[in-house]
Each structure stands twice: as structure tokens, then as C-alpha cells.
There are 2 protein chains.
Amino acid sequence: MSVQERKERERAQRHQLIVATARDLAESQGWEAVTTRRLAERIEYSQPVLYSHFRGKKEIVGAVALEGFAELTTAIRRAVAEDPEDRGAVSALAHAYIDFAERNPALYDAMFLLDTGLLFADETTPAPLREAFGALLETLGDIAGDTEPALFVEVFWSALHGLAALTRSGRLPQANASRRLDILVERLAGH
Amino acid sequence: MSVQERKERERAQRHQLIVATARDLAESQGWEAVTTRRLAERIEYSQPVLYSHFRGKKEIVGAVALEGFAELTTAIRRAVAEDPEDRGAVSALAHAYIDFAERNPALYDAMFLLDTGLLFADETTPAPLREAFGALLETLGDIAGDTEPALFVEVFWSALHGLAALTRSGRLPQANASRRLDILVERLAGH
DNA sequence: GTACGATTTCTAGCATCGCTAGATTGCGAT
DNA sequence: ATCGCAATCTAGCGATGCTAGAAATCGTAC
């Protein structure tokens with residue numbers, strides 16, 4: 001049975017190669033440059049191979065997004081751990097979120113902008129998504145006051161996403177991005 | 001010179017027909033269904049005619065977006081006028097914004113999601129965009145407190161957009177949308 | 001070592017996309 | 001009625017995502 005195991009291992013490796021290549025390409029030239037032909041050329045296989053791993057391009061973007069959620073979770077947890085005070089933690093979380101979006105624009109797009117078919121708040125929601133939401137809940141739940149924690153987290157997250165999305169698309173000027181974030185945190189977390 | 005005038009009038013009419021058709025098509029079947037071929041067929045002209053009015057598809061989407069900004073402005077102003085009390089006005093504005101996004105999803109996408117090449121906060125920013133921002137500023141400026149009004153408005157707007165965008169893309173459940181909005185308004189406007 | 005059989009991979013192609021060059025038409029001016 | 005210009009169309013280019021069917025590869029059995 002060793003042969004089959006090797007094949008599976010190689011398959012898994014190639015699967016990961018596709019995801020990593022798509023991410024690389026997206027981060028360096030934007031998602032519009034991630035075409036099945038370019039992707040196939042980069043991994044040194046023909047296009048149909050992609051379809052033996054993924055249902056289509058959408059699912060490849062989804063796989064990249066999943067990586068993103070895992071990384072966002074650790075980025076948030078790390079930032080909060082460095083500043084565990086209530087108010088400081090919230091601010092650290094917010095800045096970590098925005099930093100993440102700024103440093104991985106294509107990854108962020110895959111997670112929150114592009115259509116990946118990934119289901120959020122649902123029974124079939126992939127673990128990394130739940131985990132990321134959990135990371136937010138851990139620190140933001142404390143300052144929810146009398147509002148339902150999950151709902152408050154969704155609101156906070158939405159506000160962060162709004163800033164990230166509008167800034168990224170050039171609809172908000174790059175300047176004062178940090179001041180905007182501070183205003184938001186003060187109002188949402190304040191007393 | 002009446003001939004030339006008639007031609008210009010007809011041209012302007014056709015220009016508007018293209019925009020209206022693109023918007024119709026987008027609102028009824030999504031922007032991915034708005035192709036130059038389908039658009040040309042609907043207006044009963046060949047594709048190249050589109051390019052005698054617009055530089056390309058992007059500019060057509062931009063023209064639709066411009067309509068959206070004008071309509072958003074009146075929607076906000078009307079909502080605020082109906083409830084001019086400070087706190088009520090802010091809540092009315094927020095609900096009007098979210099209602100607008102929900103009722104005109106494709107239009108909203110053109111304004112805030114798709115790449116239209118429209119420049120925001122810039123000298124060359126089209127009037128309807130400035131006007132929309134102005135409408136926000138009129139009511140939100142009052143509750144900015146000691147923070148710079150323009151900056152506060154940007155933050156408020158971002159938060160609204162975050163809610164709208166995540167809800168629209170299915171990343172936030174449809175349920176409780178109104179409660180989320182109330183939480184947001186209370187935290188941003190309250191104190 | 002060789003030949004078979006199944007799995008893997010590739011070649012080639014489809015329909016569709018945004019966009020454009022060059023032919024063709026139609027219309028106002030003479 | 002005819003000419004010339006402007007408006008419009010036909011036809012096509014290089015891409016896109018995706019797939020059917022041919023070709024090659026590789027483990028297995030003799």
C-alpha cells in the first residue's frame with residue numbers, strides 16, 4: 001500500500017503548490033492576473049490538472065482564503081497577547097486586523113471581497129473561519145456590555161472591514177488611516 | 001445649426017439609454033451578466049457604438065455609479081428631513097443608507113465595490129460624490145464631538161459600508177441586520 | 001524483462017469575454 | 001441627383017474558464 005500513500009502525498013503536495021502559487025501570483029500581480037493558464041504554467045502542469053484538484057477557479061480562491069483566516073487568527077491572538085489590558089487589547093486587535101489587510105491585500109480580498117462560495121455563520125462553515133471569529137470574540141466579547149456578544153463582534157468586525165475595504169479600493173485616502181481607526185476604536189470600545 | 005443640435009440630443013438620449021440598460025441588466029441579473037454584447041443587443045446597436053460613448057465597460061459602470069450617488073444623496077436628505085432631531089436624524093440616516101444598499105444591490109456594488117476608476121477625495125472628484133459626502137456631513141458633523149468632522153464622517157460611513165458589504169456578500173446573516181445597525185448607531189452616536 | 005490495463009496527464013477546442021480595424025451604410029450639403 | 005463625411009456595422013483578435021477525448025505514464029502480473 002506504500003505506492004498509494006506516496007501518490008496521495010504527491011497529490012497533497014501539488015494541491016498545496018497550486019494554492020501557494022495562486023496566492024503568490026495574486027499578491028504580486030493582483031487576482032485578475034491569476035488565470036488558469038498562468039497558474040498551470042507556473043506549477044508546470046497543464047490546465048486540466050487544476051480541475052482534478054479543484055472544482056474551478058472559485059474553489060482555488062477559497063483555498064487561499066482559508067489560509068488567510070488561519071493567519072488572521074494567529075495575528076490577532078499574538079497582538080492581543082502582547083497587550084492583554086482590556087482597552088489596550090481592543091486597540092491592539094483593531095490595529096492587527098487593519099495591518100493584516102494592508103500587508104496582504106490580495107489575501108484579504110479572497111477572504112472578504114471575492115466570491116469563494118465559502119459559507120460563513122452556518123453549520124458547514126470551515127473551522128478556520130469559526131476560529132477567526134472566535135479570536136475576535138475572545139477579546140471583544142468583554143466589552144460588549146449588555147448587547148449580545150456575537151452581535152457586537154459582528155458589528156465591530158464590520159466596521160473594521162469597512163475601513164479596510166474603502167481604504168484598499170482607494171475610496172478613502174491613505175492619509176489619516178490610523179487616526180480613523182483610533183476614532184473607531186474609541187467610539188466602539190469607549191466606556 | 002438645428003441638425004447638429006438634434007444629433008447631440010439623440011446622442012445624449014442614447015448615452016442615457018446605455019446607462020439605464022446597464023443598470024437594469026445589473027440589477028436584474030448581476031453585473032457579471034452585463035457584457036458588451038448583451039448591452040449592445042438590448043439597446044439595439046452594435047458593440048462599437050458603446051465605445052463611441054464610453055472608453056470601456058469600466059466607464060459604463062462608473063456612469064451607473066454616478067446615478068447611484070445622486071440617488072443616495074436624496075435618500076439620505078429625505079430621511080433626515082423626516083426626523084430632524086439630533087439622535088433620530090443619525091439613526092434615520094443610517095437606516096436610509098442600509099435600505100438603499102439593500103434595495104439597489106447592483107447599484108451599490110457599482111458605487112462601492114467595483115472598479116470604476118472614479119476618484120474619491122480628490123480635486124477631480126465628480127460633484128455627485130462630493131454631494132453625497134456632504135449629505136453625510138450635514139447630519140453627522142454635529143455629533144463628531146471634538147474629532148475632526150470629515151474624519152468622523154469617514155469612519156461612520158466606513159462602518160455603514162462594512163455592514164452593507166458583509167451582509168450583501170452573505171458573510172453576515174440576513175437575520176438581525178437591523179439590530180446590528182442599531183448597536184452601531186448607539187455606539188457611534190451615543191456617548 | 002515484457003506486455004497489459006488503468007490511471008494520470010496533455011492536446012486541442014468550445015463558448016464567451018472586452019475591444020477594435022476596416023468595410024459599409026446613410027444622411028446632410030451642394 | 002450626387003458627393004463626401006460621419007455614423008454604424010461586420011468581422012475578427014487575443015484573452016478568459018472549462019472540458020472531451022487522445023496520449024503517455026506507471027504499477028502489476030506473467
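So you know, we letter chains A, B, ... as the sequences are listed, proteins then strands, and number each from 1.
Here A:T35 lies in heavy-atom contact (under 4.0 Å) with sugar-phosphate atoms only. Within the nucleic acid shown, A:R55 has no heavy atom closer than 4.0 Å to any nucleic acid atom. Across all strands shown, A:R11 has no heavy atoms under 4.0 Å from either base or sugar-phosphate atoms.
In this structure, the NZ atom of A:K57 is 15 Å from the P atom of D:dT19, given to the nearest Å. Residue A:L39 contributes atom CG, which lies 14 Å from atom P of C:dC10 at whole-angstrom precision. We find that NE2 of A:H53 is positioned 17 Å from C1' of D:dT19, with the value rounded to whole Å.
The two residues B:R171 and A:A110 make their nearest non-hydrogen contact at NH2-O, 3.8 Å.
Here B:T36 reaches the OP1 or OP2 of C:dG18: one of its side-chain N or O atoms lies under 4.0 Å away. Taking side-chain N and O atoms only, A:R14 has a distance below 4.0 Å to OP1 or OP2 of C:dT9.
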- Task: Start with the C-alpha gap between A:I183 and B:E148, add the side-chain angles, then the distance that decides, and say whether side-chain contact (heavy atoms from CB on, under 4.5 Å) holds.
- Result: CA-CA 10 Å; A:I183 292 170; B:E148 196 179 316; over 6 Å; no
- Item | Derivation of the side-chain contact (heavy atoms from CB on, under 4.5 Å) call for B:F100 and B:L107 | CA-CA 9 Å; B:F100 178 87; B:L107 187 60; 3.7 Å; yes
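For a distance-only test at 3.5 Å, the side chain of A:Q47 qualifies as a donor-acceptor partner of the base of D:dC18.
For A:R37, taking side-chain heavy atoms from C-beta onward, the closest of the listed nucleotides C:dT20, D:dC18, C:dC10 is D:dC18. When the nucleotides C:dT9, D:dC9, D:dT19 are ranked by their closest atom to the side chain of B:S46, D:dC9 comes out on top.
Within a 6.0 Å radius of CD in A:E10, other residues, nucleotides and ligands contribute more than 12 heavy atoms.
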